[in-house]
There are 4 protein chains.
Amino acid sequence: MKTTILIHCPDQAGIICTVTGFISKNKGNIVYLDQHVDKPANVFFMRTVVEFEEDYYDLDHFKTLFQKELASTYNMQWSIHTDDKSPKMAIFVSKYKHCLYDLLSRYRSGELEVEIPFILSNHNDLRHIADQFNIPFFHVPFNKENRVEAEKEQLALLEKYDIDFIVLARYMQIVSGTLINKFPNKIINIHHSFLPAFAGAKPYHAAFKRGVKIIGATSHYVTEELDAGPIIEQDVTTVTHSHSIEDFIVKGRDLEKIVLSRGVKLHIARKTMVYNNKTVIFS
Amino acid sequence: MKTTILIHCPDQAGIICTVTGFISKNKGNIVYLDQHVDKPANVFFMRTVVEFEEDYYDLDHFKTLFQKELASTYNMQWSIHTDDKSPKMAIFVSKYKHCLYDLLSRYRSGELEVEIPFILSNHNDLRHIADQFNIPFFHVPFNKENRVEAEKEQLALLEKYDIDFIVLARYMQIVSGTLINKFPNKIINIHHSFLPAFAGAKPYHAAFKRGVKIIGATSHYVTEELDAGPIIEQDVTTVTHSHSIEDFIVKGRDLEKIVLSRGVKLHIARKTMVYNNKTVIFS
Amino acid sequence: MKTTILIHCPDQAGIICTVTGFISKNKGNIVYLDQHVDKPANVFFMRTVVEFEEDYYDLDHFKTLFQKELASTYNMQWSIHTDDKSPKMAIFVSKYKHCLYDLLSRYRSGELEVEIPFILSNHNDLRHIADQFNIPFFHVPFNKENRVEAEKEQLALLEKYDIDFIVLARYMQIVSGTLINKFPNKIINIHHSFLPAFAGAKPYHAAFKRGVKIIGATSHYVTEELDAGPIIEQDVTTVTHSHSIEDFIVKGRDLEKIVLSRGVKLHIARKTMVYNNKTVIFS
Amino acid sequence: MKTTILIHCPDQAGIICTVTGFISKNKGNIVYLDQHVDKPANVFFMRTVVEFEEDYYDLDHFKTLFQKELASTYNMQWSIHTDDKSPKMAIFVSKYKHCLYDLLSRYRSGELEVEIPFILSNHNDLRHIADQFNIPFFHVPFNKENRVEAEKEQLALLEKYDIDFIVLARYMQIVSGTLINKFPNKIINIHHSFLPAFAGAKPYHAAFKRGVKIIGATSHYVTEELDAGPIIEQDVTTVTHSHSIEDFIVKGRDLEKIVLSRGVKLHIARKTMVYNNKTVIFS
């Protein structure tokens, strides 16, 4: 079984050797290893993919040893993931179709190794797309008055379906601290600008007004500060004076789809680590 | 002789036909025409390149007719440029070499159709490069105390050498309103970020801190608000978590050179028009 | 009504003035004009969008005058298109889902102003997607033995449904001269390489073998020579030594979708003209 | 002292652990490690940067141990490089200025950690640039008649100045097998197309004729087959129907400069390994 190990800890000499030695001693063969040192912060990051000899393999035992012999000594934050079950991803949407269509098409094409237990929206407009792809759809209206109630309903659904992470596919609603704290670095948003430029509402309008020659999109983990969470992926496309705001929106849709789906794929593949409100993205 | 005509005026029906008819009547052959309508502002922009039959050609007469028969009726702002003399470009620098080397290399390779009467700097560090390329170099120190004096000296030089436009090739000093008003939309700056993100000082540091996955550069006309003038050209390059601030700076240098030189070329070719703090960039 | 006029003819002095004068005389207001001169071939191209005063507007009459007063004098090839009816687009597919999903999602999102009377395939694999989007699906098996029969069936369907143009969304079959001649510059193919590199079968395998650092996709009009028709649109993405052929294929899918959909949009908007096996793409 | 170790060998389990263990045992601290497995070829590649405790450090002894304990067991090809001396780079040019100006400007800006003992050309046209930057310039005419003689002269110069690698900065002459064999994977060429498209002479003309929408440049190691060596770096830029061949050439120059300088930097930093006519490029 392919096992992915993610580690971060204070940097110190010999750490790669120690980790690889530990894995080797436990009959693991390293098939991939990438590491990064954040020099200013003096933090070491590592992602390794290991194949174990089946006879020796007892994941729980390995985890216990890992914590005891390695993690406690080096003050490591770590997680271990096996590929025998797909994570469960909930999609939150409002009224925009393009990101939802894109995610579901990729899902049905076998491009995303997840389960999608449900789609949730504050509107009913996109229910037909959920139906078209045979995914359960929950309509949870959301407004100033019902905010607390609505969030309770959201949390209940997330719990009931045992959701691992949430994708805001142009959800257009601010997510509360309660939800964020339940899913730390597990809510992925797509913002339609190259952040930090044009955070907040109507970025295409702001970009048009400023007369930029490039527009962008950013997928990031959601934190309590709006559009200020750790950036996973960004991409841009050129525009000219001849493009209207409507043209920006149309060109931007293609960016949003790609930048969001790349972010989601990196998350699914356990290639992202977060530190100091920034991401390490392994190759 | 190739004659370039730039026009902007309130948009109205029939204007292309009227202008092209006027040119044709005056024995001009249109070899290029591009036009743009800023719909929200209801402004018409046009750039056309005309070749006149030599026998009939009297530029001053043409200009008089143009103003009388066309411009006054349509409330046009316009300018006419011939290619028989190169504009005079002054370069302002501080201590960074890369943009200066790039501009001078392009100049000596015949890529920029300008004269460069002088290079001006608030430091003496790059004098050897000016020498190397045989361009006069003036050292005009600039600080809080001598600001007014220094600017007088700058203005005297700009006047003496009959400068048409100024390129701030990483000049690192704020240019005063006096200078800007003497050279409206004629001072080109390179800023080392994709504006409006990271305006002001140390954009690479700010980009690093924010954890962006893309860095950029922007060439723009200088206005009194810092880094907020009309954008001529922007470009970006990807970065990852593994890049240090120093890496950002090195990667950024290549962007700065290209984005600045493209902006300068567009300006020289009379392909830029400014309106509402935005540019129209003709092809 | 918005009317788009496309013209190409031998280049000569005064032609823009003549065309715009003719339109103006016939109570048309030019809202867009772009022109191009292919200097080596001495050919003039023009695309203009015109709004006519409704009282005066008689399209057939305008066309007659256009031919008589303009086209015959200047030896013009021309076409006139109004936006009152959408073109009819047939999609041909084999077994790959991504381009089909992408086109249909864009169609249902209102991004493509076409009708899609049917999807045709030599396999039955993607019928469920056609069903999912409620588009008729025809299975026309295609092999060495039945080639002539199959093509007859294809042609009958194209005629019956009055198809204007065909999109080969990874159709994977060579289209015969008969079909091409019935739809000259009206069959759009997506090839999964930056042509002319890696024409023919298995371009990702060839790119991997060659060790390129960039892969691409190309949408083009189909001509009898394989993968050699006029290029409409191209785009690329970076790859590294660490990408496997499978990675190339996955990264390439996103390119293919975007490059094909851009080509289709340009065709629908009448922004493409073909000459000497090359395209002029208006802005 | 920073020591870079490059390894490739048949892939097998435990190899990372063995190498890192060996380094650690010899008082080395791994500050960077990247590895790659070419699965189809079953070859393991590794680049690691090590800092040794000064008291223990004896490079020759380390090398001897490395060969004995590690390399012979694992059948490794390997090389070890310290950063205490800069490699010696010769530049070969013909008549084009842009790449030469670019390399020398970068060199004088401190961007390239090399020595440049000389510039060699088959013409005298660029001697003034060598003079301007104070680099020795040798004029070695090259034609059908004097080919053998000329090459002898080249080889004598390369030997006399103890050259480590050669950069063909638009040299425009075919390099013979003799030279290539003396400098295997040590001659870097810039070709002005995205190879394998448009190999050979006049790629911009060929690209224009084909009507591509993208042009590119490729830096690669020179092998006996023309423009078919291992690719180090590629980049592209967009073009349209409105660009002439001359425009392609001008836009292409910026690509060539950047793609060549990136290739040279990667080579200097020992970030390239060659296998099966492909490169592994470490980050």
Side-chain angles (χ1 to χ4, degrees), chain A residues 31-34 49 93 95-113 125-126 128-135 169-170 233 235 237-244 246-247 249-262 265-266 268-269 271 282-283, chain C residues 31-34 49 93 95-113 125-126 128-135 169-170 233 235 237-244 246-247 249-262 265-266 268-269 271 282-283:
Chain A
V31 293
Y32 165 93
L33 183 157
D34 197 5
V49 179
V93 293
K95 294 183 170 183
Y96 291 107
K97 297 172 180 174
H98 57 286
C99 284
L100 182 60
Y101 261 132
D102 187 67
L103 287 171
L104 298 182
S105 300
R106 290 176 192 275
Y107 174 57
R108 288 287 182 234
S109 302
E111 219 177 277
L112 304 179
E113 287 174 35
D125 302 56
L126 303 189
H128 69 284
I129 299 179
D131 291 350
Q132 198 184 340
F133 284 83
N134 261 317
I135 317 262
R170 299 295 309 274
E233 173 77 10
D235 209 343
T237 193
T238 55
V239 291
T240 74
H241 64 272
S242 73
H243 289 99
S244 64
E246 179 57 32
D247 294 331
I249 292 170
V250 170
K251 284 202 95 174
R253 279 200 291 251
D254 278 350
L255 278 180
E256 294 164 34
K257 292 188 291 191
I258 281 190
V259 170
L260 178 58
S261 69
R262 282 190 203 143
K265 282 182 178 185
L266 288 167
I268 294 170
K271 292 189 170 173
F282 292 106
S283 62
Chain C
V31 294
Y32 165 93
L33 184 156
D34 197 4
V49 179
V93 293
K95 294 182 171 184
Y96 292 108
K97 297 172 180 173
H98 56 287
C99 284
L100 182 61
Y101 261 133
D102 187 66
L103 288 171
L104 297 182
S105 300
R106 289 175 193 275
Y107 174 57
R108 287 288 182 236
S109 303
E111 219 177 276
L112 303 180
E113 288 174 35
D125 301 56
L126 304 188
H128 70 282
I129 300 179
D131 290 350
Q132 198 184 340
F133 285 83
N134 262 315
I135 316 259
R170 300 293 312 274
E233 173 77 11
D235 208 346
T237 192
T238 55
V239 290
T240 75
H241 64 274
S242 73
H243 289 100
S244 63
E246 178 58 33
D247 295 330
I249 291 169
V250 170
K251 285 202 95 174
R253 279 202 289 252
D254 278 350
L255 278 180
E256 293 163 36
K257 292 188 291 190
I258 281 190
V259 169
L260 178 57
S261 70
R262 282 189 203 143
K265 282 183 178 186
L266 289 167
I268 294 170
K271 291 188 171 175
F282 292 105
S283 64

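Reckoned from all heavy atoms, side chains included, excluding hydrogens, waters and symmetry mates. Chain letters run A, B, ... following the sequence lines, proteins first and then strands; every chain starts at 1. Nothing here was measured: the structure is a model prediction, and the numbers come from that model.
- Only the side chain of C:Lys265 comes within less than 4.5 Å of a heavy atom in chain A; its backbone stays farther off.
- For OH of C:Tyr96, the number of neighbouring non-hydrogen atoms (other residues, nucleotides, ligands) closer than 6.0 Å is 12 at most.
- Residue contact with chain A, scored on non-hydrogen atoms closer than 4.5 Å, involves the side chain of C:Asp102 exclusively.
- Ring to ring, C:Tyr101 and A:Phe133 are close: their centroids are under 6.0 angstrom apart.
- Of the two parts of C:Arg262, neither the backbone nor the side chain holds a non-hydrogen atom closer than 4.5 Å to a non-hydrogen atom of chain A.
- When heavy atoms are compared at a cutoff of 4.5 Å, C:Ser109 approaches chain A by way of both its backbone and its side chain.
- Chosen from C:Gln132, C:Arg106, C:Glu111, the residue pairing most often with chain A at heavy-atom distances under 4.5 Å is C:Gln132.
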side-chain contact (heavy atoms from CB on, under 4.5 Å) assessment of C:Lys257 paired with A:Ile258: CA-CA 11 Å; C:Lys257 292 188 291 190; A:Ile258 281 190; over 6 Å; no
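- One distance of note links CD1 of C:Ile129 with OG of A:Ser105; it measures 8.0 Å at 0.5 Å rounding.
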